[in-house]
Every structure is written in C-alpha cells, then in structure tokens.
Novice: 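Sending over a structure as structure tokens; questions will come in a sec.
All of these numbers come straight from a predicted model, not from anything done at the bench.
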Amino acid sequence: MAIKDKTNWQHVDQEFRHEIETMLQKAVLFLAKVGEEACSYARESGSYTDRTGNLRHSIGYLVIQNGQVMVDGFGTTEPQQSARQYAYQVAQTYKKNTVLIWVAGMSYARYVEFGHTASNGRQIQPRDVLNGSGDFIESKARTLAKEFEQFLLQP
C-alpha cells in the first residue's frame with residue numbers, strides 16, 4: 001500500500017504567507033516603538049540650549065518597509081514639517097527591508113551636532129542632537145532584540 005500525500009500545499013503556502021505578513025507588520029510596530037523611544041530620548045537629553053524650541057521639536061521618525069512609509073512619527077508643527085520633508089528624502093534611499101529613520105529637521109542641526117566656527121571666528125563645541133539617541137538605542141540593542149523576539153511570538 002502506497003502512502004498518499006493529501007496535503008493541501010496551496011493552504012500551506014497561504015499560511016506561510018500570512019505568517020510572514022504578520023511578522024512584517026509586527027516589525028513595523030516594534031520599530032515605531034523604538035522610534036518613539038529614540039525621539040523622546042533625543043528631545044529630552046540633547047546637550048544644547050534650544051532657544052526657540054524648534055530644534056527639539058523638529059525631531060521625528062519614519063518606519064519604511066520595502067520603500068513604503070508605514071509609520072510617520074511627525075507632528076504638524078513647522079519644525080516637524082521641515083523634518084518630515086528631510087526624512088522622506090532620506091527614505092527614498094531605502095527600497096528594501098524594514099528601516100527606522102529618525103532625524104532632526106532644522107537645517108542647522110548638523111552644525112549643532114558636529115560643532116562649527118562662528119562668523120566671529122569663535123569655535124562652537126559640538127552638542128548632542130541625535131548621536132546620543134543612537135548611542136542610547138545601541139546600548140539597548142541586546143534588550144531590544146530579546147523584546148522583539150518576544151513581540152514576534154505574541155499572538
């Protein structure tokens with residue numbers, strides 16, 4: 001007596017595709033959570049004096065998946081709008097995978113972050129705008145990896 005395969009391979013394929021889609025959706029949700037943490041840390045911990053409030057308020061994030069914006073973590077204020085435009089430009093370079101992008105959108109953010117020479121010749125020291133939030137996330141990488149693993153296993 002021969003063994004007959006009665007497996008519905010079409011159904012198996014559908015189940016695998018469904019599980020992959022679920023995991024991709026969870027990756028987006030998890031990265032959005034990390035984006036919120038990174039932006040909150042950057043806003044609260046930046047080592048600079050923000051005289052107008054624009055620089056801190058320009059910090060936001062996007063989650064990109066295969067070239068599509070899945071989560072837009074920007075508000076409606078002018079600094080946030082400026083940051084969003086910049087983040088969308090950066091996002092165009094990511095056509096594959098799932099990516100978190102967080103930016104400070106004011107045009108002078110890089111000068112605050114890396115320091116510069118003022119017009120009077122005085123050297124302005126670098127201040128933390130986003131680098132510290134990157135260091136913060138990097139320091140939590142192992143914990144985040146474990147949290148992500150647990151998050152994927154949730155129904």
Novice: Please confirm whether the backbone N or O of E37 pairs with a side-chain atom of S40, one donor and one acceptor, at under 3.5 Å?
Specialist: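 No; zero donor-acceptor contacts below 3.5 Å.
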Novice: Heavy atoms, side chains only, cut-off 4.5 Å: are V103 and Y61 in contact?
Specialist: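 Of all side-chain heavy-atom pairs linking Y61 with V103, none is under 4.5 Å.
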Novice: Between Y94 and N66, is there a side-chain heavy-atom distance shorter than 4.5 Å?
Specialist: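 Not in contact.
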Novice: For Q81, check side chain to side chain donor-acceptor pair (under 3.5 Å) against everything at least two apart and list the hits.
Specialist: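 Expected list: R84.
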Novice: Are the side chains of T98 and V28 in touch, meaning some heavy atoms are under 4.5 Å apart?
Specialist: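 Answer yes - side chains close enough.
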Novice: Is Q65 close to Q68 at the side-chain level, that is, under 4.5 Å between some pair of heavy atoms?
Specialist: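 In short, these two side chains do not touch, never coming nearer than 4.5 Å.
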Novice: Please give me the minimum heavy-atom distance between A104 and I59, naming the atom from each residue.
Specialist: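 Looking at all heavy atoms of both residues, the closest pair is CB-CG1, 3.9 Å.
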Novice: Checking L144 against V34 for the side-chain contact (heavy atoms from CB on, under 4.5 Å) test, could you report, in this order, the C-alpha distance in whole Å, the side-chain angles of both residues, the deciding distance, and whether it holds?
Specialist: CA-CA 8 Å; L144 288 171; V34 173; 4.0 Å; yes
Novice: Identify all side-chain donor-acceptor contacts of residues 18-26 below 3.5 Å with residues at least two apart in sequence or on another chain.
Specialist:
from	atom 1	to	atom 2	distance (Å)
T22	OG1	H18	O	2.9
K26	NZ	F151	O	3.4
K26	NZ	L152	O	3.1
K26	NZ	Q154	O	2.1

Novice: With heavy-atom distances below 4.5 Å as the criterion, would you say the side chains of L62 and V71 are in contact?
Specialist: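 Heavy-atom side-chain distance check fails, nothing below 4.5 Å.
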Novice: List, by chain and then residue number, the residues other than L153 in its hydrophobic cluster (Ile/Leu/Val/Met/Phe/Trp/Tyr, side-chain heavy atoms under 4.5 Å); write none if there are no others.
Specialist: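 Its cluster mates, by chain and number: none.
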Novice: Can you tell me how far the OH atom of Y41 sits from the CH2 atom of W102, to the nearest 0.5 Å?
Specialist: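 Rounded to the nearest 0.5 Å, the OH-CH2 separation comes to 12.0 Å.
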Novice: Who are the salt bridge (charged side-chain N to carboxylate O under 4.0 Å, His left out) partners of E15, not counting sequence neighbours?
Specialist: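 E15 satisfies salt bridge (charged side-chain N to carboxylate O under 4.0 Å, His left out) with no residue once adjacent residues are dropped.
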Novice: How far does CZ of F148 sit from OG1 of T143, to the nearest 0.5 angstrom?
Specialist: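 If I round to the nearest 0.5 Å, the distance is 15.0 Å.
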Novice: Between CD of Q14 and CH2 of W9, what distance do you get to the nearest 0.5 Å?
Specialist: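 Here the rounded value is 14.0 Å.
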Novice: Quick one: list whatever passes salt bridge (charged side-chain N to carboxylate O under 4.0 Å, His left out) with D5, sequence neighbours left out.
Specialist: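 Salt bridge (charged side-chain N to carboxylate O under 4.0 Å, His left out) list for D5, sorted by chain: empty.
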Novice: Could you tell me which residues satisfy salt bridge (charged side-chain N to carboxylate O under 4.0 Å, His left out) with R17, sequence neighbours excluded, listed by chain and number?
Specialist: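 Applying salt bridge (charged side-chain N to carboxylate O under 4.0 Å, His left out) to R17 gives D13.
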